[in-house]
Amino acid sequence: MEADQRAFLAWLADEVRTRGVGLVIVAGDVFDRTQPGEDAIALLDGGIDALRAAGAEIVMISGNHDSA
């Protein structure tokens with residue numbers, strides 16, 4: 001599933017850039033478990049970096065699967 005997630009994040013960053021999106025909201029359950037693996041954290045970090053580089057601010061709201 002990692003390849004699909006990577007592809008989605010690349011697509012989303014491209015949409016942000018193309019459409020001039022200023023804000024991306026991620027609402028709840030960023031990860032599917034309270035202790036995500038390092039690869040999942042790295043994937044998220046890269047996705048956030050790409051969205052920021054495309055011009056968007058990011059707002060993330062944790063869900064019941066996300067740790068503090």
Side-chain angles (χ1 to χ4, degrees):
M1 214 160 69
E2 184 178 335
D4 292 335
Q5 292 168 338
R6 237 177 247 295
F8 172 77
L9 290 169
W11 170 85
L12 186 58
D14 187 51
E15 288 291 304
V16 164
R17 184 176 298 102
T18 301
R19 297 176 183 269
V21 173
L23 177 67
V24 173
I25 299 172
V26 181
D29 289 339
V30 176
F31 298 107
D32 62 350
R33 62 192 76 180
T34 57
Q35 299 291 326
E38 288 182 28
D39 54 338
I41 294 169
L43 181 61
L44 176 64
D45 286 347
I48 289 172
D49 289 346
L51 292 172
R52 296 288 315 262
E57 295 292 325
I58 313 297
V59 173
M60 294 175 62
I61 302 165
S62 64
N64 64 323
H65 290 115
D66 301 315
S67 62

Got a second to check how far [X]'s [atom1] is from [Y]'s [atom2], nearest 0.5 Å?
{"X": "Leu12", "Y": "Gln5", "atom1": "CG", "atom2": "CD", "answer": "13.0 Å"}
{"X": "Leu51", "Y": "Asp14", "atom1": "CG", "atom2": "CG", "answer": "11.0 Å"}
{"X": "Arg6", "Y": "Leu43", "atom1": "CZ", "atom2": "CG", "answer": "5.0 Å"}

Of all heavy-atom pairs between [X] and [Y], which one has the smallest distance, and what is that distance?
{"X": "Val30", "Y": "Val26", "result": "CG2-CG1, 4.2 Å"}
{"X": "Ala40", "Y": "Phe31", "result": "O-CE2, 3.7 Å"}
{"X": "Ala13", "Y": "Ala54", "result": "O-CB, 3.4 Å"}
{"X": "Ala56", "Y": "Leu23", "result": "CB-N, 4.3 Å"}
{"X": "Glu15", "Y": "Val21", "result": "O-CG2, 4.3 Å"}

Indicate if [X] and [Y] have the same hydrophobic cluster label, given that clusters are the connected sets of ILVMFWY residues with side-chain heavy-atom separations under 4.5 angstrom.
{"X": "Val24", "Y": "Ile61", "result": "no"}
{"X": "Val59", "Y": "Val16", "result": "no"}
{"X": "Ile25", "Y": "Phe8", "result": "no"}

Mark yes when over 12 heavy atoms from residues, nucleotides or ligands other than Glu38 sit less than 6.0 Å from its CD; otherwise mark no. no
